[in-house]
Amino acid sequence: MTTEPQSRIFVPLDTPDLGHALGIVKTLRGHVGGVKIGKEFFTALGPEGVRRIMIEDMPLFLDLKFHDIPNTVAGAVRASICLGPAIINVHAAGGRAMMAAAAEAARDEAEKLGLKKPLVLGVTVLTSLDQSDLADIGVSGSTEEQVVRLARLAEASGLDGVVCSGAEIEPLRAALGPDFKLLTPGIRPEWAAAGDQKRILTPGEAVRRGADFLVIGRAITDADDPRDAALRIGAEIADAA
Ligand code: C5P
């Protein structure tokens with residue numbers, strides 16, 4: 001990852017079409033920090049598809065949100081390391097032993113392969129869930145309390161940080177200190193359409209609040225000039241940092 005302000009930006013490749021994904025990568029290489037590959041791309045195109053993207057030499061956030069028994073998650077983490085991701089993630093709701101197994105597997109396998117260990121992040125509460133959804137699954141208390149509880153557990157289990165919504169950046173920064181990594185989606189510059197995102201932050205505001213990494217999709221990929229959009233967002237981040 002470069003040290004440019006744009007290096008904080010990860011652009012999702014949410015497509016089952018390798019040609020389309022490669023087009024985005026070629027356009028944005030050197031202009032953003034990396035790309036995010038999630039379940040849609042991975043299920044359609046598999047590790048071979050990921051390798052095709054990695055040939056382009058873009059840092060990878062492998063957003064597969066593992067959640068299973070510790071042994072299985074450790075195996076999945078091990079299997080993902082050879083793809084060379086910069087960031088991977090697991091569900092914090094999988095619990096302490098599962099997260100600790102993920103962290104250890106990432107460390108071990110990276111060392112074995114002579115690769116840099118990826119950041120291992122926890123997913124706390126999906127932003128698609130509101131208070132009543134949490135009550136339905138037996139979680140009392142506020143969403144923020146649950147997010148902070150799971151983030152503390154993630155840190156105690158050896159994870160490097162969490163994925164969080166813009167609304168949660170400040171309470172998490174306050175609770176977990178400056179070194180815990182916070183990665184935030186739901187970002188729109190003022191000049192981009194909000195799309196289906198409801199609670200959005202601008203890139204500058206997210207960085208001011210304490211986000212380390214931003215997932216930014218359509219504001220860049222749907223722009224008339226995606227490189228220019230990334231550059232403008234980078235300038236906004238630089239001003240805010
Ligand atoms: O910036 P844009 O809304 O286009 O980014 C969409 C990407 O961010 C998708 O990959 C989506 O999974 C991810 N995401 C999100 N909102 C969340 C969590 C993740 O849009 N709350």
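Remember, it's 1-based here, ligands and their atoms both numbered in the order they're listed.
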What atoms of ligand 1 come within less than 4.0 Å of a heavy atom belonging to [X]?
X    : value
K36  : 10 (O), 12 (O)
D14  : 7 (C), 9 (C), 10 (O)
R218 : 1 (O), 2 (P), 3 (O), 4 (O)
T127 : 17 (C), 21 (N)
V215 : 8 (O)
I216 : 1 (O)

Would you list the pairs meeting salt bridge (Lys or Arg N to Asp or Glu O under 4.0 Å) in which at least one residue belongs to residues 142-158, sequence neighbours left out?
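Non-adjacent pairs meeting salt bridge (Lys or Arg N to Asp or Glu O under 4.0 Å): zero.
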Looking only at heavy atoms, what is the nearest atom pair of [X] and [Y], with distance?
X   : Y   : answer
P16 : A44 : CB-CB, 3.6 Å
T27 : G23 : OG1-O, 2.8 Å
P59 : G33 : CG-O, 3.0 Å

Donor-acceptor pair, distance only, cut-off 3.5 Å: does the side chain of T221 make one with the backbone of G217?
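Indeed, once roles are kept as given, a pair shorter than 3.5 Å links the two residues.
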Donor-acceptor pair, distance only, cut-off 3.5 Å: does the side chain of N89 make one with the backbone of K65?
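Side chain of N89 to backbone of K65: a pair is present.
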Purely on distance, is any nitrogen or oxygen of P12 under 3.5 Å from one on ligand 1?
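In this structure, P12 places no N or O atom under 3.5 Å from an N or O of ligand 1.
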